[in-house]
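Note sheet for the following structure.
Each ligand, and each atom within it, is numbered from 1 in the order the structure gives. Everything quoted here is computed from the prediction, not taken from an experiment.
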Amino acid sequence: SDPVMWHDIFLTNRDAVLRILDAFRGDLDALRAAIDTGDGHHMLGVFTRARVAREHFSKILARRAYVDAMHSNDLIYLAQPGGTLSGQIRVPGDKSISHRSIMLGSLAEGTTEVEGFLEGEDALATLQAFRDMGVVIEGPQHGRVTIHGVGLHGLQAPPGPIYLGNSGTSMRLLSGLLAAQPFDTVLTGDASLSKRPMNRVAKPLREMGAVIETAAEGRPPLVIRGGQRLTGMRYEMPMASAQVKSSLLLAGLYAAGETAVTEPAPTRDHTERMLRGFGYPVAVHGSTATVESGHKLTATHIEVPADISSAAFFLVAASIAEGSELLLEHVGINPTRDGMLRVCRAMGADITLLNEQNSGGEPVADLLVRYTPSLSGTVIEGELIPTLIDEIPIIAVLAATANGTTVIRNAEELKVKESNRLDIMVNELTAMGVSLEGTDDGMIIEGGKPFHGAQIDSRLDHRIAMSFAIASLAAETPTEILRAGCVDISYPTFYQDLARLQA
Ligand code: S3P
């Protein structure tokens with residue numbers, strides 16, 4: 001553009017421009033030296049970051065998330081009722097474990113190989129965050145990721161705010177980790193994440209000495225001031241949240257002394273298991289997990305099991321679609337995540353566990369599920385809730401097809417997920433003619449009566465879109481799901497997989 005304008009800009013901003021040119025020259029010198037000496041590791045880092053940076057900037061500019069969207073968000077999914085599901089499938093990798101594999105792999109010493117990594121937007125947001133902080137990460141390619149760990153003290157200041165898309169897990173876990181770094185960070189997200197409560201991590205982290213600023217009412221963006229000395233503490237969580245627990249344990253890796261987190265009910269324990277897998281000691285006594293600083297993480301190999309939260313859609317699909325029989329392979333059945341299986345069985349679903357084994361510290365099995373003509377209602381409450389928290393939307397669909405009453409209680413956490421999942425499930429199932437009512441902390445569903453298709457808005461919540469794609473199998477008329485592309489968050493190939501199994 002205008003040369004006179006650039007002349008003025010460069011002279012007016014002399015110091016800043018010189019600083020950037022020096023940094024740029026430094027980078028070029030380092031690349032030159034790497035070529036000269038044949039330092040392949042350095043070159044791989046530069047070229048991986050360069051490609052990803054280019055993709056990253058174009059996505060931030062478009063305010064899109066990370067997957068090269070095969071779906072645009074204005075995708076409309078038209079679902080026909082009926083059909084039978086058969087065959088076998090390995091659904092994508094566990095979202096919670098995928099996030100943690102990138103985090104701990106980055107903080108480890110040495111090179112960590114991950115297989116079965118979930119190439120969905122949420123886990124890719126975490127991956128991008130660590131690239132922003134200077135970690136060389138190759139992949140993902142067909143679920144394989146290679147992470148060149150930098151050690152607990154090797155992260156670098158990111159060049160700008162870290163954009164986390166839709167991912168609450170990324171933001172909450174990263175808060176704990178970043179509170180202990182020597183540099184400042186800003187964490188931002190999309191419209192949904194920008195409404196989610198962050199005080200649940202900011203408050204206890206501040207008690208440990210962190211300096212964290214939030215927008216009004218504890219919402220993102222978060223500004224995390226680096227260079228603080230954290231002190232371990234004993235914390236009783238007011239809500240059952242694995243994200244809060246994990247955030248504090250990650251801060252505890254850096255805090256003086258011990259950090260002990262007590263939970264009111266068991267929540268997913270992937271952080272504790274994976275820390276141990278990286279050789280970092282974690283003590284668990286009853287409902288309290290404790291870490292102390294001063295140890296290190298050593299690179300390892302991680303095999304991510306298939307996500308039970310994604311398998312849940314097919315467990316319900318095969319249970320309610322006449323004549324179905326499906327084999328879901330290598331699904332994670334960690335007891336802190338298997339509430340869905342217990343509920344399906346309590347309702348009379350036909351599910352058999354085959355080939356149970358341990359895969360890198362996480363129990364897995366193949367799940368054989370067959371159509372059941374007469375399911376019955378059940379009560380879902382108390383300590384069961386955290387073990388199936390993400391499955392409640394699809395459980396509500398199962399309950400709509402089951403005879404009698406299903407009561408869901410103590411599930412108020414569902415109001416602060418990617419959307420208010422309690423309200424949306426009640427409204428949209430009502431629109432399909434299901435009789436149910438919402439309560440303060442759950443819903444009461446009178447199932448087993450015929451219902452029809454409807455036009456459903458996903459509200460850009462991946463689990464809402466997938467739940468209604470499955471509900472439509474049992475409806476009497478077609479269903480139209482608006483903004484259906486959001487499945488990219490946790491299960492980009494969901495519609496293709498559903499179509500293949502129905503064929
Ligand atoms: C997650 C914990 C749960 C869950 C989320 C993933 C995790 O959230 O809903 O999808 O990976 O730790 P809460 O800790 O907020 O219950």
Regarding atom 4 (C) of ligand 1: of the candidates Asp390, Val244, Asp269, which has the closest heavy atom? Asp390
Name the option, out of Ser241, Ser96, Ser98, that contains the heavy atom nearest to atom 14 (O) of ligand 1. Ser241
Does Glu217 CD have over 12 foreign heavy atoms under 6.0 Å away? no
Can you sort out which atoms of ligand 1 are near Ile389, meaning under 4.0 Å from one of its heavy atoms? 9 (O)
Within the 3.5 Å criterion, strictly below it, is a donor on Ser247 or Arg200 matched to an acceptor on the partner's side chain? no
With heavy atoms and a 4.0 Å threshold, my read on which part of Arg100 contacts ligand 1 is side chain
Would you say Arg345 has more than 12 foreign heavy atoms packed within less than 6.0 Å of its CZ? yes
Side chain, backbone, both or neither: the part of Arg172 lying under 4.0 Å from ligand 1 by heavy atom: side chain
Strictly by modelled atom types, are Asp497 and Tyr491 linked by a side-chain donor-acceptor pair under 3.5 Å? yes
In the protein, which heavy atom is nearest to atom 3 (C) of ligand 1, and how far is it? Lys417 NZ, 3.8 Å
Atoms in ligand 1 with a heavy atom of Ala242 nearer than 4.0 Å: 12 (O), 14 (O)
Arg459 side chain to Ser419 side chain, donor-acceptor N/O pair below 3.5 angstrom: no
Heavy-atom check, side chain of Glu418 versus side chain of Ile464, under 4.5 Å: no
Who's closest to atom 5 (C) of ligand 1 heavy-atom-wise, of Gln243, His99, Met237? Gln243
